[in-house]
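Notes follow the structure.
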Amino acid sequence: MSKHVNVLEMARQQLAVAAFHLDLDEGLHAVLARPKTQMVVNFPVVLDNGQVQCFEGFRVQHNASRGPTKGGIRFHHDVDLDETTALAMWMTWKCAVVNIPYGGAKGSVRINTKKYSKRELEKVTRRFTSEISSMVGERSDIPAPDIGTNAQVMAWVMDTYSMIRGYTTPGVVTGKPIALGGSEGRNEATGRGVIVAAHEATKRVGLDFANSTVVVQGFGNVGSVAAMLAEEAGAKVIGISDARGAIFNPNGLPIKELYHRYSGRDGGIQEYKDCDRITNAELLALDCDILIPSAIAAQITGENAHAVKAKLIVEGANGPTTPEADQILDDRGILAVPDILANAGGVVVSYFEWVQDLQNFFWEEGEVNNKLERIMRNAYKAVEATMDEHKVGMRTAAHIIGVKRVADATITRGIFP
Ligand code: NAD
């Protein structure tokens with residue numbers, strides 16, 4: 001993330017625009033601009049070499065008016081309280097946009113995961129879980145994977161929380177391995193939702209998805225699945241990247257092969273030969289139809305938005321486009337399907353996982369995917385309708401829907417006491 005972009009400021013600006021269109025009460029706006037609860041923890045872990053290291057972590061619950069809070073846990077060397085708060089706020093709007101009964105939360109630990117062994121990462125996860133255990137719970141606040149965490153990390157969270165409670169609580173966390181109460185389809189859900197949103201949006205901008213060229217920034221959980229599903233649908237994926245750099249082939253990259261043969265290697269996708277190596281900045285400026293940023297925040301900014309050549313941007317990542325860039329893209333007629341709509345597939349299937357865990361009754365993958373696709377399509381259509389009704393950009397339209405649902409819930413519940 002470019003350090004000069006304050007993502008919390010970004011999130012608050014987006015809220016302010018929606019509040020203006022909704023003529024939102026000033027007091028209510030002030031409530032929604034702040035998180036409900038923030039926890040900062042500093043905790044020690046004994047490393048493999050016997051040394052003690054102190055880690056800093058955060059858990060933020062933004063708003064719980066519509067239900068328990070929901071949001072991933074991020075392990076990254078560049079996290080802070082403000083960024084975690086912004087991500088929690090976006091989770092609130094996202095859950096409301098797809099109309100699932102959750103508020104927003106986020107957690108993070110400042111750590112470069114590449115520098116630690118699996119055993120050390122397990123200890124960090126377990127200690128962090130125990131530090132935030134007063135906030136999380138299957139009826140209060142339910143974490144999930146995000147950057148740097150995965151199903152194994154969620155299994156450790158679930159086990160640690162269950163040890164504290166004294167009984168097994170699969171519903172405390174989603175994105176778990178299937179064997180521990182995870183859901184079929186959860187691993188692919190965010191990328192799948194991104195592609196559903198992309199399909200819908202191509203109709204609006206006059207593209208044929210199956211004949212389009214696609215560029216994906218980030219080749220982790222979201223980016224790799226989005227790229228594979230795009231390839232499966234017939235699109236040509238010409239550029240992909242990870243934190244080490246980007247690769248490009250105008251004739252298309254073999255995405256499935258890159259995922260299965262290269263992504264697990266030390267050098268990752270950089271080891272693939274039949275391509276040009278380009279920089280991250282060059283990747284974002286590639287001549288393509290659809291650009292899918294699926295890495296970190298603040299990647300398309302006031303500085304590089306002029307260089308973007310894609311006709312459509314579909315945000316797999318959270319907060320990849322700054323408000324300044326939004327304005328530039330809008331002026332240039334480039335449609336950006338916003339994060340709180342485009343990447344909501346993950347939290348939708350997390351919701352399905354949670355429902356299955358609470359009922360101890362599990363669904364087949366086809367059922368999960370069908371339900372996911374229906375929710376994504378309906379949410380997309382509602383956002384498009386709001387865009388046309390209010391004559392606003394797609395991000396503002398999605399915020400109008402999300403913020404209105406949360407504001408209505410807050411007003412209807414009433415302010416305690
Ligand atoms: P991940 O850790 O699996 O993958 C992240 C990818 O981004 C990796 O390939 C990494 O190498 C790459 N990356 C990191 N820094 C980069 C940089 N500076 N330039 C280019 N690439 C870089 O994480 P993920 O779960 O795929 O999450 C990616 C994004 O999607 C995040 O913004 C996350 O908040 C968002 N998101 C994830 C989910 C989910 O279900 N996992 C759901 C909604 C949104």
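Remember, it's 1-based here, ligands and their atoms both numbered in the order they're listed.
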Indicate yes or no: does an N/O atom of Gln299 lie under 3.5 Å from an N/O atom of ligand 1? no
Suppose I only count heavy atoms of Asp242 and a 4.0 Å limit; which atoms of ligand 1 are within that range? 9 (O), 11 (O), 20 (C), 21 (N), 22 (C)
Asn343, any N or O under 3.5 Å of ligand 1 N or O: no
By number and element, which atoms of ligand 1 are closer than 4.0 Å to a non-hydrogen atom of Arg74? 31 (C), 32 (O), 33 (C), 34 (O)
Check ion pair Arg204-Asp388 (N to O, under 4.0 angstrom): yes
Is there a nitrogen or oxygen of Gly346 sitting under 3.5 Å from a nitrogen or oxygen of ligand 1? no
Any donor and acceptor pair, going by atom type alone, linking the side chain of Lys309 with main-chain N or O of Ala285 inside 3.5 Å? yes
So, Glu122 and Arg119, do they make that salt bridge, N to O below 4.0 Å? yes
For Arg244 and ligand 1, answer yes if some heavy atom of the residue is under 4.0 Å from a ligand atom, otherwise no. no
Aromatic ring centroids of His399 and Trp90 under 6.0 Å? no
Should the pair Arg395-Glu315 be classified as a salt bridge under the 4.0 Å nitrogen-to-oxygen rule? yes
Between Lys256 and Glu232, does at least one N-O distance fall below 4.0 Å, as a salt bridge requires? yes
Would one find an N or O of Gly223, backbone or side chain, under 3.5 Å from an N or O of ligand 1? no
Using a 4.5 Å cut-off on heavy atoms from C-beta on, say whether the side chain of Glu131 contacts that of Ser133. no
Please work out, at 4.0 Å between heavy atoms, whether the side chain, the backbone, both, or neither of Ile147 comes within that distance of ligand 1. both
From the candidates Asn221, Leu284, Leu87, Asn318, the one that places a heavy atom nearest atom 41 (N) of ligand 1: Asn221
By number and element, which atoms of ligand 1 are closer than 4.0 Å to a non-hydrogen atom of Ile296? 18 (N)
Does a side-chain N-to-carboxylate-O contact under 4.0 Å join Asp78 and Arg110? no
Could you label the plane-to-plane angle of the Phe352 and Trp363 rings as parallel, tilted or perpendicular, counting under 30° as parallel and over 60° as perpendicular? tilted
Do any nitrogen or oxygen atoms of Ala243 lie less than 3.5 angstrom from nitrogen or oxygen atoms of ligand 1? yes
Is ligand 1 under 4.0 Å from a heavy atom in the side chain of Ser294, in the backbone, in both, or in neither? backbone
Where Gly239 and Leu283 come nearest, the two heavy atoms and their spacing: C-CD1, 3.8 Å
Before signing off on this row, confirm whether Gly148 and ligand 1 have an N or O atom pair separated by under 3.5 Å. yes
Between ligand 1 and Lys94, is the shortest N or O to N or O distance under 3.5 Å? no
Would you call Arg74-Glu83 a salt bridge at under 4.0 Å N-O? yes
Can you find an N/O atom of Arg186 closer than 3.5 Å to an N/O atom of ligand 1? yes
Element-labelled atoms of ligand 1 that are located less than 4.0 Å from some non-hydrogen atom of Ala295: 7 (O), 13 (N), 21 (N), 22 (C), 28 (C), 29 (C), 31 (C), 32 (O)
Test your reading of the structure: does Lys106 have an N or O sitting under 3.5 Å from an N or O of ligand 1? no
